[in-house]
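Throughout, protein chains are lettered first and strands after them, A, B, ... in sequence-line order, and every chain is numbered starting at 1.
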Amino acid sequence: MPRRRFLITAALPYSNGRLHVGHIAGAYVPADIYVRYLRATGADVRFICGSDDNGVAALKTAREQNRAVEELTAHYNASQQRDFAGLGIEFDIFGGTHQPEYVDIHERFSQDFFLKIHEKGLFTKRTAEQLYDLEAKQFLPDRFVRGTCPHCANDQAFGDQCEECGRSMDQTGLIHPVSMLSGTTPELRKTIHWYLRLDRLQSRLSSWLAGKKDARACGAVWRPTVLNQSLGRIESEGLPERAMTRDLTWGVPVPLDDPDAKGKSLYVWFDAPIGYVSFTAALCKQQGEGADGYAHWWKDPDCKVVHFIGEDNIVFHAITWPAMMLATHDSDSLQGKLGEYQLPHNVVANSFLNIKFPGKEEEKISKSRGSAIWIEDYLKSFDPDPLRYYLTAVAPEAARTAFDLDDFIARNNGELLNALGNFFNRTMTFVHNYFDGKVPPAGQRDEQDGRQLERRIQARDRAGEELEACHFKAALGEVMALARAGNAYFDATKPFLSRKNDMAACGRAVNVCFQTARTLTALIAPFLPFTADRCAGMLNLGEGYRNWASAADELPEGHRLGPTQLLIKKLDPKEVFGS
RNA sequence: GGCGGCGUAGCUCAGCUGGUUAGAGCGUGGGCUUCAUAAUCCCGAGGUCGCAGGUUCGAGUCCUGCCGCCGCUACCA
């Protein structure tokens with residue numbers, strides 16, 4: 001069987017802030033689990049991420065903090081890399097759309113992409129009216145304008161949306177607009193932009209998406225929320241043309257030899273997903289695979305591209321980005337031929353994560369209200385795996401869920417430690433104390449032993465199925481069920497009694513427990529990589545222990561264990577929250 | 001307004017294309033055990049599956065209406 005190939009991306013975080021638990025739960029932990037799992041099955045995988053540096057978001061923050069946007073984005077790019085590394089989220093490359101090492105290659109890919117679509121005639125050049133700040137000498141992005149909301153008379157409405165009544169609008173609809181740059185009243189001016197003809201791609205997009213409803217036909221299990229939201233959008237509103245350029249100098253310059261393109265950049269949402277491609281190209285270059293190495297991943301039907309994102313990115317990744325790729329195709333096939341950009345195999349989106357502090361109401365994660373738990377802070381006090389565990393166990397796969405600090409501690413102590421950690425610990429100490437640190441003989445196994453051994457295979461298979469379908473919560477549940485079954489088996493066979501009068505029976509049971517622990521080590525590896533490494537050390541397993549296919553293979557009697565250590569720390573609520 | 005989602009045991013959630021007494025974990029009540037970070041294991045209690053209709057031999061599962069919460073509506077994962 002040829003080796004499966006995957007190109008996995010995780011949403012590019014804006015490089016204008018630190019990462020908090022919500023970011024991690026949305027796209028990054030699931031993506032990392034998936035990548036680790038795929039690798040354990042022998043697949044050839046590249047895992048791509050990087051910061052989204054362009055666009056107004058970074059510019060706005062830089063302005064507020066009075067620092068250069070280059071410095072700001074470099075700072076947060078580095079900070080995010082540290083956070084990811086600390087959590088064991090291991091990208092093959094973490095680029096940045098405007099970081100010094102990547103900006104050239106990213107601009108080239110983005111501009112080529114734009115030119116290709118331009119060449120295909122899928123842009124319309126059109127004039128629109130926008131607010132212009134005479135003093136700052138620039139057009140104003142929506143978020144840089146405030147004024148009175150035409151719906152509810154709130155005088156602090158932004159150009160794109162009124163936070164008071166929640167309605168969205170066009171910035172030209174604001175009454176008494178004021179520029180946040182200079183405080184002056186901007187004037188309405190004509191400006192020219194290039195609009196992507198989504199309307200002409202609509203029918204191909206909806207056929208492509210409709211094909212994703214049938215998991216067997218498309219080979220991937222798309223989450224209903226992703227499909228419903230995307231298809232619902234197309235059916236209800238249709239796809240209008242969308243401007244893919246902006247009046248902005250921070251970003252990728254519009255690559256047209258046209259006076260009207262002067263001083264304009266590509267829309268940040270246009271260049272951001274191309275970052276997935278340009279970072280792949282940068283990675284290929286680093287690995288000596290040549291400048292066109294990226295095509296092996298992006299333009300080959302044998303490679304599956306999977307995007308992990310948060311719910312706010314669904315429409316963009318399931319509609320606009322595929323539309324961009326379709327717009328570069330020569331043919332009108334849905335998936336793309338060899339040599340053309342391949343539409344995503346799957347788009348995996350989680351909902352948002354709310355947060356709940358002890359004694360308070362559940363609320364949205366908000367930087368300004370201080371309700372975020374920063375990864376940087378978390379890692380100062382805790383190990384990464386309990387967070388990975390918790391965020392997977394309560395992952396917002398179908399609907400919003402909440403990060404509840406009490407629940408985090410309860411699950412760490414009650415599930416990770418009491419079920420999983422305890423099973424390892426009792427098995428290990430038993431082998432060390434009564435069998436001289438060597439795996440005892442399997443002996444004459446009975447039905448009960450056979451059932452427990454069979455459970456390991458079942459757990460491996462079931463967890464594998466769930467992981468293939470990106471059902472991470474369910475997959476973790478299967479793994480934890482095996483740990484519980486291990487504890488139940490231990491109690492049922494009672495080696496602590498038989499050791500006094502029947503060492504053969506005792507050894508038989510301990511052998512099965514050991515084999516179970518060995519399987520668990522492989523099965524937890526995608527979820528809890530640090531813990532799995534410690535388990536592998538305790539069991540004295542080789543590097544290949546993560547291999548999924550051999551996860552339930554037995555180790556021979558006489559196998560010598562490594563030193564035992566405690567796997568999971570017990571968390572005391574008093575210490576965690578301060579007394 | 002349009003589109004989409006959610007509403008199932010005290011809590012957090014599973015329930016695929018409708019089919020035997022509605023499940024798991026935690027919590028709670030009771031019990032066994034001592035190898036283990038007083039962890040484990042066994043047994044039990046606890047649900048009119050938001051409300052009201054409808055389709056069906058049969059609905060948590062499909063349809064309609066309603067109530068409540070939430071998201072998106074293109075520069076906050």
Side-chain angles (χ1 to χ4, degrees), chain A residues 10-14 16-17 19-28 52 54-60 141-144 158-161 166-168 215 221 224-225 227-237 240 242-243 246 248 267-269 272 308-316 319-320 349-354 364-367 393-394 397-402 404 406-407 410-411 413-415 417-419 421-431 433-434 471 473-474 477 480-481 484 486-492 494-497 499 506 510 513 566-570:
Chain A
L12 305 187
Y14 275 130
N16 69 341
L19 295 172
H20 56 64
V21 290
H23 296 108
I24 298 301
Y28 306 104
D52 181 0
N54 293 327
V56 177
L59 214 53
K60 188 160 182 276
D142 293 336
R143 284 267 152 180
F144 280 24
F158 286 106
D160 56 346
Q161 189 189 33
R167 266 181 276 215
S168 59
V221 181
T225 46
L227 282 175
N228 289 341
Q229 235 183 83
S230 311
L231 281 165
R233 169 66 63 82
I234 294 178
E235 282 158 19
S236 69
E237 300 174 22
R242 288 291 166 187
R246 289 291 187 275
L248 210 64
Y267 175 38
V268 64
W269 274 113
F308 284 81
I309 55 170
E311 68 175 328
D312 57 332
N313 274 341
I314 288 177
V315 169
F316 194 81
I319 295 181
T320 316
N350 270 353
S351 284
F352 282 165
L353 188 72
N354 286 343
K364 291 183 192 179
I365 294 179
S366 158
K367 303 170 204 180
V394 302
E397 288 179 2
R400 285 203 167 193
T401 56
D404 180 333
D406 286 325
D407 195 35
R411 284 178 186 265
N413 294 346
E415 297 180 18
L417 198 167
N418 291 350
N422 179 44
F423 177 67
F424 271 89
N425 194 228
R426 66 199 303 207
T427 301
M428 290 303 107
T429 55
F430 221 87
V431 177
N433 291 346
Y434 303 107
H471 297 158
K473 196 191 286 196
M480 291 305 290
R484 292 196 183 91
N487 278 322
Y489 172 86
F490 201 111
D491 280 283
K494 303 193 194 330
F496 43 86
L497 293 186
R499 77 174 168 85
C506 176
V510 171
C513 289
L566 292 181
L567 273 185
I568 309 292
K569 284 182 201 145
K570 172 160 280 193

Side chain of A:Y434 - closest among B:A74, B:C35, B:G5: B:C35

Closest nucleotide among B:A14, B:G4, B:A74 to the A:K473 side chain: B:A14

Test item: A:E311 side-chain N/O and A:N350 main-chain N/O as donor-acceptor pair under 3.5 Å: no

Atom pair CG (A:N425) and CG (A:L566), whose distance is rounded to the nearest 0.5 Å: 5.5 Å

Separation between the C1' atoms of B:G27 and B:C13, rounded to whole Å: 14 Å

Centroid under 5.5 Å and tilt under 30°, A:F430 to B:C35: no

Residue A:F490, side-chain atoms from C-beta onward, closest of B:A39, B:G5, B:C35: B:C35

Side-chain donor-acceptor pair present, A:R426, A:N487, cut-off under 3.5 Å: yes

Stem segments of RNA chain B by first residue number [Watson-Crick or G-U, under 3.5 Å, at least 3]: B:1-7 with B:67-73, B:10-13 with B:23-26, B:28-31 with B:41-44, B:50-54 with B:62-66

Intermediate values then yes/no, side-chain contact (heavy atoms from CB on, under 4.5 Å), A:R499 and A:F430: CA-CA 10 Å; A:R499 77 174 168 85; A:F430 221 87; 4.0 Å; yes

Nearest-Å distance for atom pair CG/C1', residues A:D404 and B:C26: 12 Å

Given B:U37, B:A36, B:G4, the nucleotide with the shortest approach to the side chain of A:R426: B:A36

Centroid distance under 5.5 Å and plane angle under 30°, A:F496 vs B:U33: no

Nearest-Å distance for atom pair CG/P, residues A:N350 and B:C6: 15 Å

Among B:U12, B:U37, B:G5, the one nearest A:V394 by side-chain distance: B:U12

Integer angstrom distance from the C1' of B:A59 to that of B:C49: 11 Å

Sugar-phosphate, base or nothing in reach of A:I568, heavy atoms under 4.0 Å: base

Whole angstrom value for the distance that separates P of B:U34 from CZ of A:F423: 19 Å

Nearest-angstrom distance from the residue atom CZ of A:R242 to P of B:A74: 6 Å

From B:U37, B:A14, B:C13, nucleotide with atom closest to A:T401 side chain: B:C13

Among B:U34, B:A39, B:C41, the one nearest A:L497 by side-chain distance: B:U34

Distance, rounded to the nearest Å, where A:N487 contributes CG and B:A36 contributes C1': 9 Å

Atom-to-atom span, NZ of A:K494 to C1' of B:A36 - whole angstrom: 15 Å

C1' gap between B:C42 and B:U33, integer Å: 10 Å

C1' gap between B:U17 and B:U61, integer Å: 10 Å

Spacing between A:R400 atom CZ and B:C6 atom C1', to the nearest angstrom: 12 Å

Gap between atoms CG and C1', on A:N422 and B:A36 respectively (whole Å): 5 Å

Nearest-nucleotide pick for A:A398, side chain only, options being B:C41, B:A14, B:G5: B:A14

Residue-phosphate contact under 4.0 Å: A:N413 side-chain N/O, B:A39 OP1/OP2: no

Nearest listed nucleotide, side chain of A:N425, among B:U12, B:A36, B:C76: B:A36

Nucleotide nearest A:K364 (side chain, heavy atoms from C-beta), chosen from B:C41, B:C13, B:C70: B:C70

